[in-house]
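Below: the structure, in structure tokens.
Throughout, protein chains are lettered first and strands after them, A, B, ... in sequence-line order, and every chain is numbered starting at 1. These numbers were taken from a predicted model, which means no experiment stands behind them. Below, all heavy atoms of this structure are taken into account, side chains as well, without hydrogens, waters or symmetry copies.
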There are 2 protein chains.
Amino acid sequence: MDKQTITIYDVAREASVSMATVSRVVNGNPNVKPATRKKVLEVIDRLDYRPNAVARGLASKKTTTVGVIIPDVTNIYFSSLARGIDDVATMYKYNIILANSDENGQKEVQVLNTLLAKQVDGVIFMGNQITDSIRAEFTRSKTPIVLAGSVDPEAQVASVNIDYVEAIEEATNTLIRHDNQKIAFVTGSLSEPINGQYRLKGYKKALAQAKIAYDPNLVFETEYSYKAGEAIWDRVKAAGATAAVIGDDELAIGLLNGAGDDDVNIPNDFELITSNDSKLTEISRPKMSSITQPLYDIGAVAMRLLTKMMNKEEIDNQTILLPYGIVERGTTK
Amino acid sequence: MDKQTITIYDVAREASVSMATVSRVVNGNPNVKPATRKKVLEVIDRLDYRPNAVARGLASKKTTTVGVIIPDVTNIYFSSLARGIDDVATMYKYNIILANSDENGQKEVQVLNTLLAKQVDGVIFMGNQITDSIRAEFTRSKTPIVLAGSVDPEAQVASVNIDYVEAIEEATNTLIRHDNQKIAFVTGSLSEPINGQYRLKGYKKALAQAKIAYDPNLVFETEYSYKAGEAIWDRVKAAGATAAVIGDDELAIGLLNGAGDDDVNIPNDFELITSNDSKLTEISRPKMSSITQPLYDIGAVAMRLLTKMMNKEEIDNQTILLPYGIVERGTTK
DNA sequence: CTGAAAGCGCTAACAA
DNA sequence: TTGTTAGCGCTTTCAG
């Protein structure tokens with residue numbers, strides 16, 4: 001009934017060697033005489049033997065799999081990171097256990113624990129909020145963890161990001177240079193550090209430098225979704241803003257279309273600049289001006305960093321900032 | 001040095017019971033006296049014991065993880081399916097090992113093999129082409145496999161889909177009803193059964209029924225990408241088409257914008273209808289008319305079916321077709 | 001260069 | 001209701 005698995009033991013018998021030797025050739029241990037290796041390989045091939053990774057994991061205490069916690073695969077920002085993660089994971093022979101968390105603190109803790117129970121060798125965490133409970137799990141666990149595209153204000157855990165303060169500052173500056181005085185800042189919850197601490201700071205810095213008074217009424221907190229963007233247009237308009245810096249591409253395109261459907265001329269009457277430069281920015285009409293950031297690379301570098309940590313290599317810098325830029329496309333003058 | 005793991009053995013000792021008993025309470029086996037259970041639970045809590053899933057997997061020959069092979073997480077069609085898969089997987093206490101295949105036959109085989117080596121309890125495969133080599137692996141393996149949003153013309157392996165023939169036929173009919181005579185059919189490679197066999201058949205059926213001659217020059221094969229859509233507009237226009245049925249949303253929006261940027265009035269001068277009803281269809285301006293299909297549910301149902309197979313339950317129908325529809329939004333008259 | 005043997009942490013008969 | 005005892009398939013000393 002059971003799929004009669006053929007084991008290392010079968011191979012050993014057939015090849016008239018010990019299982020230790022078979023193990024050695026399977027693992028590329030050089031201490032095997034070429035002739036022996038050849039013989040074993042031949043039997044492995046003939047028997048179609050496939051090593052059982054679970055047994056291997058138990059014996060070696062390494063599973064060559066890493067856990068990836070993602071708010072939502074369906075969000076292009078995160079899936080772009082995930083792609084980078086998976087590609088370098090594959091490159092280093094790791095597999096990925098992917099788990100959606102919905103940015104839900106409780107689910108994050110739960111998911112992290114099942115990943116640790118599965119003995120993943122490392123974890124990549126994406127999420128805008130490092131809650132106390134998830135932080136507690138992080139510190140308790142000895143498993144290496146890296147944040148990708150997610151900041152930890154305490155800088156306790158390793159992370160790969162861009163400089164959100166500077167990036168938003170520069171984006172805001174662009175809008176100021178275009179003679180906008182009332183610039184809306186629309187993004188997710190300010191209780192998320194990336195918004196409330198980093199982006200907001202950049203926004204304020206730019207205003208201050210231009211001697212524009214900061215007006216809380218121009219700050220909008222909402223969800224990262226297309227619908228939310230469409231919905232919030234009326235309020236942004238009512239606030240008298242002539243431009244907006246937005247923290248998420250779907251949100252930004254929602255706002256763009258909200259304005260467009262309201263017969264506002266973009267960019268002449270209203271300018272927008274978004275944050276993530278995902279492929280959506282090229283899809284909208286007009287195309288979205290944006291902060292550019294290497295999404296794929298953020299994921300890739302995070303995974304690379306994690307491989308080093310799993311390898312117990314010395315890490316010179318736990319917090320990696322990748323370069324960003326600004327592209328002006330159709331939503332800015 | 002090693003994170004001194006605390007094992008079932010430690011718990012047994014501390015609670016003065018046998019490891020078998022601990023195992024029982026951990027696994028919710030009812031044959032444990034309440035008092036004993038309580039005592040064990042207390043120790044588990046005090047010692048912060050976490051069962052090792054790898055050891056459990058080796059002993060029980062079940063890993064409670066399933067492999068998911070996806071062409072590209074970054075593609076909204078597939079990530080929508082993946083979301084459905086992950087949600088019901090979580091519901092049934094399974095984890096997902098996610099692997100990108102790039103629709104590359106060789107990589108698919110490779111990835112499938114490493115998933116099987118990791119002893120996944122089942123596999124969900126997404127991909128438009130069941131190559132002979134991947135089919136060979138499918139048949140060789142005793143592990144249950146379900147296709148999600150991907151057809152197997154041989155109907156050998158279980159799958160969850162919509163009826164692509166009928167759906168495209170109906171989409172084409174819609175365009176015919178709007179008085180279009182020259183309707184382009186633009187999609188991915190015709191060597192993929194979903195295109196060359198199913199969708200093309202639906203397209204031809206609709207034409208035949210309307211007594212419109214089939215013209216191969218109106219059939220366009222390209223990549224599933226935004227860029228490809230933009231690029232192919234000139235050829236579609238040159239062919240004299242007044243409308244198009246498109247097999248992928250990104251591709252469709254590329255075509256839409258290609259036409260729009262060429263000052264073609266949509267939908268008055270050119271109509272489009274796409275296939276997947278992903279959230280992109282609401283983002284474009286005008287919004288895309290589309291075949292509707294329950295992407296999330298396709299993934300969810302596929303995973304549900306897989307749980308039944310892993311459970312060795314009797315399956316009445318290996319091939320599940322979910323309902324589809326047609327929504328006319330802004331790209332059709 | 002190769003083999004013997006002791007686990008890795010847990011499940012699952014089988015007894016008691 | 002509980003304990004004993006074999007393994008699951010492989011890695012890894014330790015000898016030789």
Is any NZ, NE, NH1 or NH2 atom of the basic residue among [X] and [Y] found under 4.0 Å from an Asp or Glu carboxylate oxygen of the other?
X: B:Arg140; Y: B:Glu137; answer: yes
X: B:Arg83; Y: A:Asp102; answer: yes
X: B:Lys38; Y: B:Glu42; answer: no

Between protein and nucleic acid, restricted to nucleotides 9-13 of chain D and to nitrogen or oxygen atoms under 3.5 Å apart, what atom pairs and distances do you find?
unit_1: D:dG9; atom_1: OP1; unit_2: A:Thr5; atom_2: OG1; d: 3.0
unit_1: D:dG9; atom_1: OP1; unit_2: B:Lys61; atom_2: NZ; d: 3.0
unit_1: D:dG9; atom_1: N2; unit_2: A:Ala55; atom_2: O; d: 3.3
unit_1: D:dC10; atom_1: OP1; unit_2: A:Tyr49; atom_2: OH; d: 2.5
unit_1: D:dC10; atom_1: OP1; unit_2: A:Asn52; atom_2: N; d: 3.1
unit_1: D:dC10; atom_1: OP2; unit_2: A:Ile8; atom_2: N; d: 2.4
unit_1: D:dT11; atom_1: OP1; unit_2: A:Asn27; atom_2: OD1; d: 3.3
unit_1: D:dT11; atom_1: OP1; unit_2: A:Asn27; atom_2: ND2; d: 3.1
unit_1: D:dT11; atom_1: OP2; unit_2: A:Ser23; atom_2: OG; d: 2.7
unit_1: D:dT11; atom_1: OP2; unit_2: A:Asn27; atom_2: ND2; d: 3.4

- Task: Indicate whether any N or O donor in one side chain lies under 3.5 Å from an N or O acceptor in the other, for A:Ser23 and A:Asn27.
- Result: yes
- Item | B:Asn31 and B:Arg24 side chains, donor-acceptor separation under 3.5 Å | no
- Note on the structure: From CG of B:Asn31 across to P of D:dG3 the rounded distance in Å is 13 Å
- Note on the structure: Separation of C:dG9 atom P from A:Lys118 atom NZ, nearest Å, is 18 Å
- Query: How close do A:Lys93 and A:Thr64 get, heavy atom to heavy atom, and via which atoms?
  - Reply: O-CB, 3.7 Å
- Give a yes/no answer on whether the side chain of A:Thr36 brings an N or O atom under 4.0 Å of OP1 or OP2 in C:dT2. yes
- Taking OP1 and OP2 of C:dT2, is either one under 4.0 Å from a side-chain nitrogen or oxygen of A:Ser18? no
- Message: Taking atom CD as the centre, does B:Gln106 end up with more than 12 heavy-atom neighbours from other residues, nucleotides or ligands that are less than 6.0 angstrom away?
- Response: no
- Message: Between A:Tyr77 and A:Tyr224 (judged by ring centroids, cut-off 6.0 Å), do the two rings come close enough to count as a pair?
- Response: no
- Angle by which the axis turns from one end of the helix from C:dC1-D:dG16 to C:dA16-D:dT1 to the other, five pairs per end, to 10 degrees: 30°
